[in-house]
**Student:** 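Have a look at this one.
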Amino acid sequence: MQLSELKPIEVLARCPLFQGVSPDRLASLTPASEWLELTRGQTLFLQGDPVERLYLVAQGLIKVFRHDPRGRKQVVMNLAGPGQCVAAVALFLGNPRYPASAEAGEPSRILAVSGASFFRLVQQDHTLCYNLLRATAQHTGQIVQVLDRMVFREVDSRLAEYLLSMARIYGHSFKLPTNPEIAAIVGTTPEPVSRKLGHFSQQGWVEMNKRRIRITNPMALQKLAQAT
């Protein structure tokens with residue numbers, strides 16, 4: 001089935017957040033849903049905006065990030081690929097405003113679901129409540145991982161972890177963002193990214209063809225990603 005033929009209920013059913021929720025209840029969300037087509041770099045929402053919708057990635061990649069107080073340095077909190085959702089936890093904050101910004105890391109197709117409709121369904125469905133609790137725990141774990149990555153791990157370890165996370169979404173061959181974009185994700189500057197990618201290639205762990213990369217030794221990258 002082509003992505004253009006996907007129906008909202010099919011996108012909802014593929015998301016782990018909605019696993020186990022009955023088709024009838026999923027169908028109740030579709031009238032309050034709409035498709036968004038984002039170009040690479042286009043903003044989905046900004047930090048501080050009111051939380052109005054839940055977003056499910058049907059195609060592409062959404063980057064969730066925060067800026068430092070001066071708006072200069074970017075810290076990437078999460079990368080959401082097909083089948084994943086963005087902003088579910090934010091809907092339940094005491095002051096429901098997005099705690100981070102989000103933009104498309106590549107051309108993306110997003111299903112936007114009314115936050116009010118989603119909230120009503122959570123009140124009705126115990127399975128969805130459980131899934132949301134699990135998503136909240138995972139979100140907390142992601143924040144801990146970001147702190148661990150920035151404070152305790154070397155650049156090569158952080159870069160290896162990033163490449164493996166991309167491989168889980170796209171397989172072992174995929175197109176890399178620019179070095180400045182990767183640097184923002186792993187918390188460094190473009191120069192170390194370039195050097196480390198060259199080192200990985202020399203070691204035979206990856207193969208590079210312009211911005212296309214193929215992971216040839218995932219075990220070596222996994223070992224490096226786990227190093228402190």
Side-chain angles (χ1 to χ4, degrees), residues 3 36-47 55-68 70-87 98-110 139 142-143 145-151 153-218 220-222 224-226:
L3 283 168
L36 301 178
E37 304 283 347
L38 303 183
T39 59
R40 185 176 183 272
Q42 186 173 351
T43 298
L44 182 61
F45 55 79
L46 292 174
Q47 181 178 334
Y55 301 98
L56 290 86
V57 183
Q59 180 184 29
L61 185 73
I62 296 298
K63 178 176 67 173
V64 182
F65 62 93
R66 287 178 63 97
H67 283 293
D68 67 13
R70 296 183 179 181
R72 297 177 181 175
K73 186 176 180 180
Q74 186 183 101
V75 177
V76 176
M77 310 300 294
N78 185 35
L79 295 171
Q84 296 180 299
C85 65
V86 179
Y98 294 114
S101 300
E103 66 179 33
E106 60 183 57
S108 301
R109 192 164 192 244
I110 309 298
H139 179 71
Q142 289 169 355
I143 295 174
Q145 287 176 358
V146 169
L147 292 173
D148 176 76
R149 188 167 65 234
M150 297 302 179
V151 176
R153 298 192 182 187
E154 299 295 334
V155 172
D156 54 358
S157 176
R158 302 199 299 263
L159 181 57
E161 182 182 45
Y162 164 72
L163 294 177
L164 290 171
S165 70
M166 291 292 283
R168 285 192 290 271
I169 297 173
Y170 297 108
H172 282 188
S173 178
F174 51 89
K175 185 179 179 181
L176 285 173
T178 65
N179 285 354
E181 289 173 326
I182 297 174
I185 292 171
V186 302
T188 185
T189 57
E191 291 77 11
V193 170
S194 180
R195 290 198 304 269
K196 296 301 181 182
L197 286 173
H199 174 68
F200 291 177
S201 180
Q202 292 171 1
Q203 294 295 314
W205 300 342
V206 302
E207 292 180 354
M208 301 283 297
N209 182 10
K210 296 182 179 179
R211 298 308 298 176
R212 191 85 189 172
I213 189 169
R214 186 169 73 90
I215 297 178
T216 52
N217 192 339
L221 291 181
Q222 185 67 45
L224 183 58
Q226 294 173 345

**Student:** State, yes or no, whether a side-chain contact exists between Gln47 and Ser101 at a heavy-atom distance under 4.5 Å.
**Tutor:**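 Yes. Closest side-chain heavy atoms under 4.5 Å.
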
**Student:** Taking all heavy atoms of Pro192 and all of Val155, pick out the closest pair and write down the distance.
**Tutor:**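 Minimum heavy-atom contact is CB-CG1, 4.2 Å.
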
**Student:** Go through it in stages, so that I can follow the logic: the residues are Arg211 and Asn179, the test is side chain to side chain contact (heavy atoms under 4.5 Å, CB included), and I'd like the CA-CA distance, side-chain angles, deciding distance and then a yes or no.
**Tutor:** CA-CA 10 Å; Arg211 298 308 298 176; Asn179 285 354; 3.1 Å; yes

**Student:** Any non-hydrogen side-chain atom of Leu44 less than 4.5 Å from a side-chain atom of Leu36?
**Tutor:**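 Yes, close enough: below the 4.5 Å cut-off.
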
**Student:** Would you say Thr178 and Glu181 are linked by a side-chain donor-acceptor pair, where the criterion is simply a distance under 3.5 Å?
**Tutor:**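 Checked: Glu181/Thr178 side chains pair up, N/O donor to acceptor below 3.5 Å.
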
**Student:** Are side-chain heavy atoms of Ile215 and Met166 found at a separation under 4.5 Å?
**Tutor:**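 Counting from C-beta outward, Ile215 and Met166 never come under 4.5 Å.
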
**Student:** Tell me the ring-ring contact (aromatic ring centres under 6.0 Å, His included) pairs involving residues 185-205, sequence neighbours left out?
**Tutor:**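 Every ring-ring contact (aromatic ring centres under 6.0 Å, His included) pair that includes a residue of residues 185-205, provided the two are not neighbours, is His199-Trp205, Phe200-Trp205.
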
**Student:** Kindly write out the residues that satisfy side chain to side chain donor-acceptor pair (under 3.5 Å) with Ser201, not counting sequence neighbours, or none if the list is empty.
**Tutor:**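 With neighbours one apart ignored, the set is empty.
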
**Student:** Would you please test Thr188 and Ile182 for side chain to side chain contact (heavy atoms under 4.5 Å, CB included) and show each step?
**Tutor:** CA-CA 8 Å; Thr188 185; Ile182 297 174; over 6 Å; no

**Student:** Who passes ring-ring contact (aromatic ring centres under 6.0 Å, His included) against Tyr55, sequence neighbours left out?
**Tutor:**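 ring-ring contact (aromatic ring centres under 6.0 Å, His included) list for Tyr55, sorted by chain: Phe45.
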
**Student:** Any ring-ring contact (aromatic ring centres under 6.0 Å, His included) pairs touching residues 156-186, not counting sequence neighbours?
**Tutor:**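 Found none.
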
**Student:** Applying ring-ring contact (aromatic ring centres under 6.0 Å, His included) as the test, list every pair that has at least one member in residues 176-196; sequence neighbours left out.
**Tutor:**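 Sorted pair list comes back empty.
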
**Student:** Quick one: closest heavy-atom pair of Leu164 and Pro218, and the distance?
**Tutor:**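 Closest approach of Leu164 to Pro218, heavy atoms only: CD2-O, 4.1 Å.
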
**Student:** Of all the heavy-atom pairs spanning Ala100 and Val64, show the shortest one and how long it is.
**Tutor:**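 Reported closest heavy-atom pair: CB-CG1, 3.8 Å.
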
**Student:** Any chance you could measure Leu224, atom CG, to Gln222, atom CD, to the nearest 0.5 Å?
**Tutor:**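 Going from the CG atom of Leu224 to the CD atom of Gln222 covers 10.0 Å.
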
**Student:** Tell me the closest heavy-atom pair linking Thr189 and Ala183, and the distance in Å.
**Tutor:**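 Result for this residue pair: C-CB, 3.5 Å.
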
**Student:** Could you grab the distance from atom CD of Gln202 to atom CG of Leu197, nearest 0.5 Å is fine?
**Tutor:**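 So the CD of Gln202 and the CG of Leu197 are separated by 11.0 Å.
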
**Student:** List the steps and the verdict of side chain to side chain contact (heavy atoms under 4.5 Å, CB included) for Lys63 and Leu79.
**Tutor:** CA-CA 5 Å; Lys63 178 176 67 173; Leu79 295 171; 4.0 Å; yes

**Student:** Measure the spacing between CD of Glu106 and CD1 of Ile62 and express it to the nearest 0.5 Å.
**Tutor:**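 Spacing of CD (Glu106) from CD1 (Ile62) equals 9.0 Å.
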
**Student:** Locate the shortest heavy-atom distance separating Gly81 from Gln84; write the atom from each residue and the value.
**Tutor:**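 The pair with the smallest heavy-atom distance is N-OE1, 2.5 Å.
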
**Student:** Drop me the distance from Glu103's CD to Leu46's CG, to the nearest 0.5 angstrom.
**Tutor:**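 Result: 9.5 Å between the selected atoms.
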
**Student:** Is there a salt bridge (charged side-chain N to carboxylate O under 4.0 Å, His left out) between Arg109 and Glu37? Walk through the geometry before answering.
**Tutor:** CA-CA 5 Å; Arg109 192 164 192 244; Glu37 304 283 347; 2.7 Å; yes

**Student:** May I have the step-by-step check of side chain to side chain contact (heavy atoms under 4.5 Å, CB included) for Ile110 and Val86, ending in yes or no?
**Tutor:** CA-CA 10 Å; Ile110 309 298; Val86 179; over 6 Å; no

**Student:** Could you name each residue pair satisfying salt bridge (charged side-chain N to carboxylate O under 4.0 Å, His left out) that touches residues 196-207, not counting sequence neighbours?
**Tutor:**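 Of all non-adjacent pairs touching residues 196-207, those that pass salt bridge (charged side-chain N to carboxylate O under 4.0 Å, His left out) are Glu207-Arg214.
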
**Student:** Using every non-hydrogen atom in the two residues, find where Ala225 and Ser157 come nearest and quote the distance to one decimal.
**Tutor:**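 Residues Ala225 and Ser157, closest heavy atoms: O-OG, 3.1 Å.
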
**Student:** Donor-acceptor check, side chain of Ser108 to backbone of Leu61, threshold 3.5 angstrom: yes or no?
**Tutor:**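 Side chain of Ser108 to backbone of Leu61: a pair is present.
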
